[in-house]
Amino acid sequence: MAMKIPLFNQSQPRESKLNQESHIPEHIAIIMDGNGRWAGKRGMPRFAGHKEGVSTIVKIVKAAIKYKVKVLTLYAFSTENWKRPKPEIDFILRLPKEFLDIYLPELISNNVRINVIGDMEKLPSYSREAVQYAVDRTRDNGGLQLNFALNYGSRHELLNAMKKILTDINDDKLTWDELDEQQVSRYLYTAGLPEPDLLIRTGGEKRLSNFLLWQLAYTEFWFTDVLWPDFSETEFLDALEEYRQRKRRFGGI
Ligand code: IPE
Ligand code: IPE
Ligand code: MG
């Protein structure tokens, strides 16, 4: 039997262990949940939790750059979140512009490429324009690809893909024989990206809430009760460490 060789010296600090580690997930997707409860516990209005959640985004983007993650996809607003009270929706949808006004220069200097997955057309113009500017401005960057899922819903994405596929077949741009799993992936917002290796959900719920249903088919899931505004590099490293120990079989043995 093959001997299990330790991947790193146990006496090394945790960060340097992970830095040397080759098992860093290429693509991490995060359901950033728990902002409202974080605020509620402090007797604050829900929007205070969303504001604090932006600080966590900054920390986790920095950590992702540090550990050389290639793609980070953050679930920021779902197609179901329109059910919330209008003032809360307005507040959340102002955050992308606020975030980019402050951090875009730093993201650019770190070579980050920003993208959006979701239906941008339904976003208010102030968020759409700020995000579109950041996407255009960072298009040629080769560092971390940072995807914001904004007005994103997986069923909406899949339904749209099905409609486009049928249209393309009708227009002779695609044939039945060419249509395979890879082709379907090309019709999704995540076209060209590797599938997520690791999904993190904060806030204690153990569900997908309509996030990346196709793309997460073989992703490793990691859940924590920690609310998103309390999430930090420490928990991020916990997730990376557990991921490193998972055995991915993809149906094999
Ligand atoms: C996640 O936090 C942010 C969004 C869904 C926009 P929530 O606002 O869902 O916070 P909880 O789950 O109510 O605590
Ligand atoms: C999921 O959180 C969506 C985002 C984090 C943007 P929700 O708070 O909307 O999910 P549910 O309603 O608890 O499933
Ligand atoms: Mg929630």
Side-chain angles (χ1 to χ4, degrees), residues 27-61 63-64 71-100 103 114-124 126-128 130-131 134 146-159 188-190 193 196 198-216 219-232 235-236 239:
H27 183 173
I28 301 180
I30 307 185
I31 302 176
M32 311 182 287
D33 197 20
N35 293 348
R37 278 164 286 161
W38 182 92
K41 283 206 313 198
R42 286 163 178 75
M44 291 149 93
R46 292 179 59 84
F47 73 79
H50 297 309
K51 185 132 193 110
E52 193 62 26
V54 174
S55 312
T56 308
I57 293 181
V58 176
K59 286 182 214 156
I60 298 310
V61 168
V71 186
L72 180 67
T73 300
L74 302 176
Y75 203 7
F77 191 83
S78 78
T79 47
E80 285 69 35
N81 288 145
W82 295 104
K83 290 176 192 159
R84 296 187 179 203
K86 187 157 186 314
E88 179 172 348
I89 295 174
D90 289 348
F91 188 87
I92 295 171
L93 295 179
R94 278 183 204 286
L95 293 175
K97 177 168 164 49
E98 273 184 36
F99 169 80
L100 290 166
Y103 295 103
I114 295 168
N115 201 15
V116 174
I117 62 169
D119 188 354
M120 288 252 278
E121 275 171 34
K122 302 219 169 59
L123 293 177
Y126 49 81
S127 2
R128 199 177 49 235
V131 165
L146 176 59
N147 298 318
F148 287 102
L150 270 175
N151 192 23
Y152 175 85
S154 192
R155 289 185 172 179
H156 176 82
E157 176 185 42
L158 286 166
L159 185 62
L188 303 178
Y189 291 121
T190 48
L193 295 179
L198 175 65
L199 171 84
I200 295 175
R201 180 168 188 148
T202 64
E205 312 295 357
K206 292 180 181 64
R207 54 176 170 252
L208 292 179
S209 304
N210 202 10
F211 194 42
L212 302 173
L213 302 179
W214 172 278
Q215 297 88 336
L216 295 177
T219 300
E220 297 295 323
F221 288 7
W222 190 86
F223 296 103
T224 175
D225 289 337
V226 173
L227 304 171
W228 178 251
D230 288 329
F231 192 77
S232 68
E235 288 80 23
F236 186 70

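Atoms considered below: every heavy atom in the structure, side chains included; atoms not considered: hydrogens, waters and symmetry mates. Counting convention: from 1, in listed order, for ligands and their atoms alike.
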Mode of A76 contact toward ligand 1 - side chain, backbone, both, neither (heavy atoms, under 4.0 Å): backbone
Residues E235 and T224: side-chain donor-acceptor under 3.5 angstrom: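 Side chains of E235 and T224: no pair found under 3.5 Å.
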Say whether, by atom type as modelled, one donor and one acceptor occur between the side chain of [X] and the main chain of [Y] under 3.5 angstrom.
X	Y	value
R201	D33	no
E80	S209	no
R84	I89	no
N210	S154	yes
Y75	Y152	yes
N151	G118	no

N or O pair under 3.5 Å between S209 and ligand 2: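 Indeed, backbone or side chain, S209 has an N or O that close.
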Y75-ligand 2 polar pair, N/O distance under 3.5 Å: no
Ligand 1 contacted by G203 (non-hydrogen, < 4.0 Å):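 No, G203 has no heavy atoms under 4.0 Å from ligand 1.
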Heteroatom N/O/S of E205 within less than 2.8 Å of the Mg ion (ligand 3):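 Under 2.8 Å: E205 has no N, O or S contact with the Mg ion (ligand 3).
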Atom name, D33 (N, O or S, nearest to the Mg ion (ligand 3)):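 In D33, the N, O or S atom with the shortest distance to the Mg ion (ligand 3) is OD1.
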Side chain to side chain, I31 and E205, heavy atoms closer than 4.5 Å: no
Min side-chain heavy-atom separation M44-E52 under 4.5 Å: no
Where ligand 2 meets F77 - atom numbers and elements under 4.0 angstrom, heavy-atom basis: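 Listed by number with element: 6 (C).
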Distance-only N or O hit between ligand 1 and W38, under 3.5 Å: no
Heavy-atom nearest neighbour in the protein, as seen from atom 8 (O) of ligand 1, with distance rounded to 0.1 Å: R84 NH1, 2.7 Å
Identity and separation of the nearest protein heavy atom to atom 10 (O) of ligand 1: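 Residue, atom and distance for the closest contact: G36 N, 2.9 Å.
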Axial cation check for Y126 ring with R94, 6.0 Å and 45° limits: yes
Residue selection (non-hydrogen contact nearest atom 9 (O) of ligand 2) among N81, L74, T79: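 Shortest heavy-atom distance from atom 9 (O) of ligand 2: N81.
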Selection from M32, R207, E205, R37 by shortest heavy-atom distance to atom 13 (O) of ligand 2: R207
Location of contacts on K83 toward ligand 2, heavy atoms closer than 4.0 Å: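 For K83, there is no contact with ligand 2 at all, from either part.
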Those atoms of ligand 1 less than 4.0 Å from some heavy atom in H50: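 In order of numbering, the contacting atoms are 3 (C), 8 (O).
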Numbering as shown, the atoms of ligand 1 that approach I92 to under 4.0 Å (heavy-atom distance): 6 (C)
